[in-house]
Amino acid sequence: MSDSELHYLISALRGYLDELRETGVDGLPYDDDRKDPVVPFVVAEEPASMTTDVTVGEISGCDSLENIRRELGDCRRCSLGEKRTNLVFGVGNANADIAFVGEAPGRDEDLRGEPFVGEAGQLLTKIVLAMGLAREDVYICNVLKCRPPNNRNPQPDEIESCEPFLLRQLQAISPKVIVALGTFAAQTLLRTREPISRLRGRFHDYHGIPLMPTFHPAYLLRNPAMKREVWDDMKTVLKKLGREPAVAPKADEKG
Ligand code: URA
């Protein structure tokens with residue numbers, strides 16, 4: 001097999017695995033001895049001790065984004081710092097009513113130093129516009145600030161190093177609503193393993209701020225039919241803010 005065929009295969013497999021993860025599948029069985037019947041996949045179950053409301057601490061709004069960025073500096077708190085091109089801090093209105101939180105920078109974001117500028121980012125921008133807002137009106141950031149190599153899943157030590165800065169950013173902005181984009185952001189922020197399909201569509205509590213989980217724009221690119229659900233979630237967000245959408249797109253025209 002040639003290098004380009006191998007790359008194509010890996011990228012197709014990664015897309016498929018991302019899709020499984022987005023729909024709540026968080027592992028595939030690996031049975032060395034093949035003693036037991038093979039279960040097709042493992043669906044994430046919420047551990048009994050976890051709730052989807054995060055209530056530890058209060059949002060205080062006393063830090064500034066500039067301070068947080070300065071403190072991050074040329075961050076090497078985890079190994080991703082060695083491999084990144086740019087640290088992707090976050091962009092937008094420091095007093096935004098809505099903060100969108102994704103997973104981690106991809107290749108385009110790593111190169112530009114700005115979150116959500118690739119294909120998925122362009123779809124997010126369209127969603128924001130359909131909501132009657134400009135990209136500059138909202139705040140956009142990720143759980144991780146550096147690109148995981150080959151867009152692999154973020155590792156626990158990377159989340160542990162990076163998430164405190166995200167929390168401080170969100171505390172500084174103190175938005176009226178947080179939108180968690182996709183399984184990883186929603187599950188990380190809410191400390192749950194519940195699948196996104198069950199989390200989305202209703203508000204959860206994140207340190208006193210209403211948080212709406214919804215599907216990731218990259219998932220929508222592969223599953224355009226799910227745009228309907230995301231649009232419903234965005235209308236619920238706008239309702240909470242007392243705002244109307246800019247447009248009322250038909251189901252298959254959204255995004
Ligand atoms: N996907 C993300 O989760 N974040 C980005 O910034 C880009 C793609």
Side-chain angles (χ1 to χ4, degrees), residues 11 14-24 26 65 68-69 72 75 78 80-81 83-93 96 98-129 134-156 158-159 161-163 165-167 169-170 173 175 178-190 195-197 199-200 206 211-224 226-227 229-230 233-234 255:
S11 125
R14 184 173 304 125
Y16 174 65
L17 291 173
D18 282 351
E19 202 157 310
L20 286 181
R21 188 164 57 119
E22 194 63 23
T23 48
D26 76 346
L65 292 177
I68 301 163
R69 180 64 192 90
L72 267 166
C75 185
C78 78
L80 297 183
K83 297 168 196 126
R84 68 163 183 251
T85 314
N86 285 296
L87 184 150
V88 181
F89 182 67
V91 287
N93 181 350
I98 309 178
F100 289 87
V101 181
E103 174 172 330
R107 195 175 66 93
D108 296 316
E109 292 76 20
D110 175 62
L111 293 174
R112 288 261 300 270
E114 184 175 335
F116 283 98
V117 290
E119 214 186 336
Q122 285 160 30
L123 179 52
L124 176 62
T125 303
K126 284 186 187 172
I127 293 170
V128 170
L129 291 173
R135 204 174 142 99
E136 300 72 38
D137 294 329
V138 301
Y139 195 79
I140 304 176
C141 55
N142 284 302
V143 174
L144 291 193
K145 297 190 168 15
C146 297
R147 182 193 184 201
N150 300 315
N151 299 345
R152 65 149 168 74
N153 289 346
Q155 302 297 298
E158 297 157 3
I159 300 166
S161 309
C162 222
E163 202 199 347
F165 291 96
L166 172 66
L167 173 60
Q169 274 170 287
L170 294 171
I173 297 159
I178 294 168
V179 176
L181 297 166
T183 300
F184 175 80
Q187 292 188 342
T188 304
L189 296 181
L190 295 174
I196 187 76
S197 49
L199 291 169
R200 61 152 291 273
Y206 179 76
L211 181 147
M212 172 64 76
T214 197
F215 293 120
H216 195 285
Y219 175 70
L220 297 185
L221 291 172
R222 297 187 299 269
N223 299 275
M226 304 311 272
K227 288 180 186 174
E229 273 77 3
V230 172
D233 296 343
M234 295 308 100

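Every number for a ligand or one of its atoms is a count from 1 in the order of the listing. Reckoned from all heavy atoms, side chains included, excluding hydrogens, waters and symmetry mates.
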The single option from Leu65, Val101, Ile173 that satisfies side-chain contact (heavy atoms from CB on, under 4.5 Å) with Cys141 is Val101
Shortest non-hydrogen contact from Arg107 to Asn151? N-OD1, 4.2 Å
Value rounded to 0.5 Å, distance of OG1 in Thr85 from CG in Asp110: 3.5 Å
Atoms of ligand 1 under 4.0 Å from any heavy atom of Pro115, numbered from 1 in the order shown, are 6 (O)
Test your reading of the model: is there a side-chain donor-acceptor pair from Glu229 to the backbone of Ser197, 3.5 Å cut-off? no
Looking only at heavy atoms, is any part of Glu103 under 4.0 Å from ligand 1, and if so is it the side chain, the backbone, or both, or is it neither? both
Leu181, Leu123, Ile196 screened by side-chain contact (heavy atoms from CB on, under 4.5 Å) with His216, the one that passes: Leu181
Please determine whether any non-hydrogen atom of Ala218 lies less than 4.0 Å from an atom of ligand 1. no
Which residue and heavy atom of the protein sit nearest atom 4 (N) of ligand 1, plus the separation: Asn142 OD1, 2.8 Å
Do any nitrogen or oxygen atoms of Gly106 lie less than 3.5 angstrom from nitrogen or oxygen atoms of ligand 1? no
Point-to-point distance, once rounded to the nearest 0.5 Å, from OG1 of Thr214 to CD1 of Ile127: 7.5 Å
Give a yes/no on ligand 1: does His216 have at least one heavy atom closer than 4.0 angstrom to it? yes
Tested for side-chain contact (heavy atoms from CB on, under 4.5 Å) against Glu114, the lone hit among Val91, Ile140, Asp108 is Val91
If I apply the N/O under 3.5 Å rule, does Phe116 come out as touching ligand 1? yes
Just which atoms of ligand 1 are under 4.0 Å from any heavy atom in Gly102? 3 (O)
Counting heavy atoms only, which part of Pro217 comes closer than 4.0 Å to ligand 1: side chain, backbone, both or neither? neither
